[in-house]
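Keep in mind the model is a prediction, meaning the values are calculated, not measured.
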Amino acid sequence: QVQLVESGGGLVQPGGSLRLSCVASGSILSIYSMGWYRQAPGKQRELVATITNGNSTNYADSVKGRFIISRDDAKNTEYLQMNSLKPQDTAVYFCNVDARRKYGLGRSIYWGQGTQVTVSS
């Protein structure tokens with residue numbers, strides 16, 4: 001199996017910053033793309049940012065210029081640096097990875113359990 005564990009969420013004032021981390025573990029042979037999504041109460045889950053194994057990035061328009069996605073392949077970890085946070089960024093943030101498992105067990109998308117980010121004064 002592949003497990004993803006997120007950390008770094010919490011309560012922050014508008015204009016503040018947070019850094020989310022997501023560590024992937026298990027029988028991983030290689031990781032292709034990695035991403036962050038979020039889901040606010042009463043809304044559908046939406047893309048925040050993705051990064052390929054070639055370090056190409058993609059961002060939702062609502063976070064461009066404020067959030068930065070990065071990855072450390074040696075640690076099977078991805079990060080989301082969130083700056084200039086706004087109340088509308090409040091949501092549960094989920095990480096995911098597109099990974100191939102060892103021993104011929106195939107390739108699939110895996111999700112973390114989510115971490116709450118609340119932006120409020």
Requested in this report: Let me see the working for Tyr37 and Trp111 under ring-ring contact (aromatic ring centres under 6.0 Å, His included), right down to the final yes or no.
Outcome: CA-CA 10 Å; Tyr37 292 73; Trp111 290 88; 5.1 Å; yes
Query raised in the report: What's the verdict on side-chain contact (heavy atoms from CB on, under 4.5 Å) for Met82 and Asp89, showing C-alpha distance, side-chain angles and the deciding distance?
Result: CA-CA 9 Å; Met82 305 186 293; Asp89 294 317; over 6 Å; no
Requested in this report: For Phe67 and Leu85, run side-chain contact (heavy atoms from CB on, under 4.5 Å): C-alpha distance rounded to whole Å, both residues' side-chain angles, the deciding distance at 0.1 Å, then the answer.
Outcome: CA-CA 9 Å; Phe67 291 11; Leu85 282 160; 3.8 Å; yes
Please tabulate, one pair per line, all N/O donor-acceptor pairs under 3.5 Å involving side-chain atoms of residues 112-121, not counting sequence neighbours.
from, atom 1, to, atom 2, distance (Å)
Gln113, NE2, Glu6, OE1, 3.4
Thr115, OG1, Gly9, N, 3.4
Gln116, NE2, Ala91, O, 3.4
Gln116, NE2, Thr118, OG1, 3.3

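With sequence neighbours excluded, no residue forms a salt bridge (charged side-chain N to carboxylate O under 4.0 Å, His left out) with Arg100. For Glu46, the side chain to side chain donor-acceptor pair (under 3.5 Å) partners are Arg38, not counting sequence neighbours. Annotation: salt bridge (charged side-chain N to carboxylate O under 4.0 Å, His left out) contacts of Asp72 (sequence neighbours excluded): none. Residues that satisfy the salt bridge (charged side-chain N to carboxylate O under 4.0 Å, His left out) test with Arg101, not counting sequence neighbours, are absent from this structure.
Contact check for Ile68 versus Leu80: no side-chain heavy atoms found under the 4.5 Å cut-off. A heavy-atom distance below 4.5 Å is found between the side chains of Leu20 and Trp36. Using a 4.5 Å heavy-atom threshold, the side chains of Ile69 and Tyr59 count as touching. Between Cys95 and Met34, the closest side-chain pair of non-hydrogen atoms is not below 4.5 Å. Counting heavy atoms from C-beta outward, Leu4 and Phe94 have side chains that stay 4.5 Å or more apart.
Each of Ile31, Val23, Val2 was compared with Asn76 under the side chain to side chain contact (heavy atoms under 4.5 Å, CB included) criterion, and only Ile31 meets it.
When all heavy atoms are compared, the tightest approach of Gln81 to Ser17 is NE2-CB, 4.0 Å.
The CD atom of Gln1 sits 10.0 Å away from atom OG of Ser25, with the distance rounded to the nearest 0.5 Å. Summarising the geometry, atom OG1 belonging to Thr50 is positioned 4.5 Å from atom CG belonging to Asn58; distances are rounded to the nearest 0.5 Å. Summarising the geometry, atom OG belonging to Ser30 is positioned 7.5 Å from atom CZ belonging to Arg107; distances are rounded to the nearest 0.5 Å. Distance CG/Asn96 to SG/Cys22: 8.0 Å, rounded to 0.5 Å.
Residues Arg71 and Asp73 are paired through a salt bridge, judged by an N-O separation under 4.0 Å between the basic side chain and the carboxylate. One finds a salt bridge joining Lys64 and Asp61 here, because a Lys/Arg side-chain nitrogen approaches an Asp/Glu carboxylate oxygen to under 4.0 Å.
The hydrophobic cluster containing Leu105, built from Ile/Leu/Val/Met/Phe/Trp/Tyr side-chain heavy atoms closer than 4.5 Å, also comprises Tyr103.
Note on Ile51 and Val48: same hydrophobic cluster, where clusters join Ile, Leu, Val, Met, Phe, Trp and Tyr whose side-chain heavy atoms are under 4.5 Å apart, directly or indirectly. When the side chains of ILVMFWY residues are joined at heavy-atom separations under 4.5 Å, either directly or via intervening members, Tyr110 and Ile28 end up in a single hydrophobic cluster. Linking ILVMFWY residues whenever their side-chain heavy atoms come closer than 4.5 Å, directly or via other members, leaves Leu18 and Val92 in distinct clusters.
Counting heavy-atom neighbours within 6.0 Å of Gln44 CD, excluding the residue itself, gives a total of 12 or less.
With Arg45 contributing its side chain and Tyr93 its backbone, the two residues share no donor-acceptor pair below 3.5 Å. For Thr77 (side chain) and Lys75 (main-chain N/O), a donor-acceptor pair under 3.5 Å exists by modelled atom type.
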